[in-house]
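Here's the structure, in structure tokens; my notes come after.
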Protein chains: 2
Amino acid sequence: MATKSKDLATPAMPTEAAQAQRFEKARSAQSTALLEDYVELISDLLASSGEARPTDVARRLGVAHATAIKTIARLKREGLATSRPYRGVFLTEAGKALADRVRLRHRLVVDLLMAVGVPADSAEVDAEGIEHHVSDAALAAFRDFLAQRG
Amino acid sequence: MATKSKDLATPAMPTEAAQAQRFEKARSAQSTALLEDYVELISDLLASSGEARPTDVARRLGVAHATAIKTIARLKREGLATSRPYRGVFLTEAGKALADRVRLRHRLVVDLLMAVGVPADSAEVDAEGIEHHVSDAALAAFRDFLAQRG
DNA sequence: ACCAAAATGTAGCACAGGCTACAAATTGGA
DNA sequence: TCCAATTTGTAGCCTGTGCTACATTTTGGT
Ligand SMILES: [Mn+2]
Ligand SMILES: [Mn+2]
Ligand SMILES: [Mn+2]
Ligand SMILES: [Mn+2]
């Protein structure tokens, strides 16, 4: 045995810098997770019923309507949405683009989970949180994996 | 075609209640994610160097030491850790148990990601966020999947 | 033994995202 | 038409998690 390792079952800790960078990335993903869920949901509501009312958004997210309105205000601040009083919420081009990316990613994550044997209902629940932490590299790997086992 | 569906590529939206429950679960997972990362890290530091100083914890997490100290205070409030000034942080039995569960889950997620083709470095980064949203059902599926392809 | 550097702790700020309570506008049914 | 129910918006509170600045304690090298 060439390398001197204390315990094969216990991998060495990463360097401080590397570990800090991983945590920082997870924190940043978490900070955009909510916006992603909102635009995906708004896009779905627009597609399925032609409008996305703050009250509907709130009900679907399971939060108070005041909470939804505040977050929608943040979407507007960040250039992802617009809204007209009593006419609902709409997505900007940037918002639409984000919604499309997020929806694809969401589906791919659900498919991958089911492909490795996760029950459908668990897959749906877990994907809602997991999706926000899946990198493009992982997404690409998921696609390849799913393609190869048709 | 028996069912009348508008678009096969666009699955119907879940019911309001089901969707709200999913989002609620994701929110709750997110609220414990930070605690999980702290106890796992503290456990690693204790195992590898015998002590876990707030400054080390902060450096590894990439946050200011004041931030780490505050979160450690929350760990203590929640019965996961204790600390003696200038002697570092220690885990309670509950904290140790949580750390062990979290470490196993973290490794399993990394292994699963690599097994489906995600590059090792991406797997490590993504797992840091994903792990907190993986249900027991999914974990069991991951284990089975990994076992079956030895 | 002492003092400077490092570590630790505290205080106070900002912002996000929950909540409830209340106010105002709109809508639709009688 | 008009009023009550619904929807929307606002205000103010709390908690969590970042930050910086400053104070205190401990430690270690001379
Ligand atoms: Mn989601
Ligand atoms: Mn989603
Ligand atoms: Mn993590
Ligand atoms: Mn982890």
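Residue numbers begin at 1 in each chain, while the letters A, B, ... track the order of the sequences. Hydrogens, waters and symmetry mates are skipped; everything else that's a heavy atom, side chains included, is used.
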Q: Return yes if the base of D:dT25 and the side-chain atoms of B:Y86 contain a donor-acceptor N/O pair under 3.5 Å, otherwise no.
A: yes
Q.
Measuring to OP1 and OP2 of D:dT17, would you say a side-chain N or O of B:T67 lies under 4.0 angstrom away?
A. no
(Q) Going by salt bridge (Lys or Arg N to Asp or Glu O under 4.0 Å), B:D56 matches just one of B:R59, B:R60, B:R53. Which one? (A) B:R59
Q) Looking across every strand, which nucleic acid part, if any, lies under 4.0 Å from B:T55 by heavy atom: base, sugar-phosphate, or nothing? A) sugar-phosphate
(Q) Check this one for me: any side-chain N or O of B:R77 less than 4.0 Å away from OP1 or OP2 of D:dG16? (A) yes
Q | Phosphate contact (D:dT17 OP1 or OP2) by B:R74 side-chain N/O below 4.0 Å | A | yes
**Q.** Carboxylate-amine/guanidinium proximity below 4.0 Å for A:E128 and B:K25
**A.** no
Q: Consider the side chain of B:T71, meaning its heavy atoms from C-beta on, and name the nucleotide among D:dG18, C:dT8, C:dC19 that approaches it most closely.
A: D:dG18
Q) Whole Å only: how far is the CZ atom of A:R87 from the C1' atom of C:dA25? A) 13 Å
Q: Determine the minimum heavy-atom distance between A:P54 and A:G88, stating which atoms define it.
A: CD-CA, 4.4 Å
Q. Stacking here means centres under 5.5 Å and planes under 30°; does A:H65 stack on D:dT8?
A. yes
Q: Let me know, please, whether A:R27 or A:P54 comes out on the 5' side of the other along DNA chain D by nearest nucleotide.
A: A:P54
Q. Would you say the base of C:dG18 and the side-chain of A:K70 have a donor-acceptor pair closer than 3.5 Å?
A. yes
Q: Taking only the side-chain heavy atoms of A:V63 (C-beta and beyond), determine which of C:dA11, C:dG18, C:dG9 contains the nearest atom.
A: C:dG18
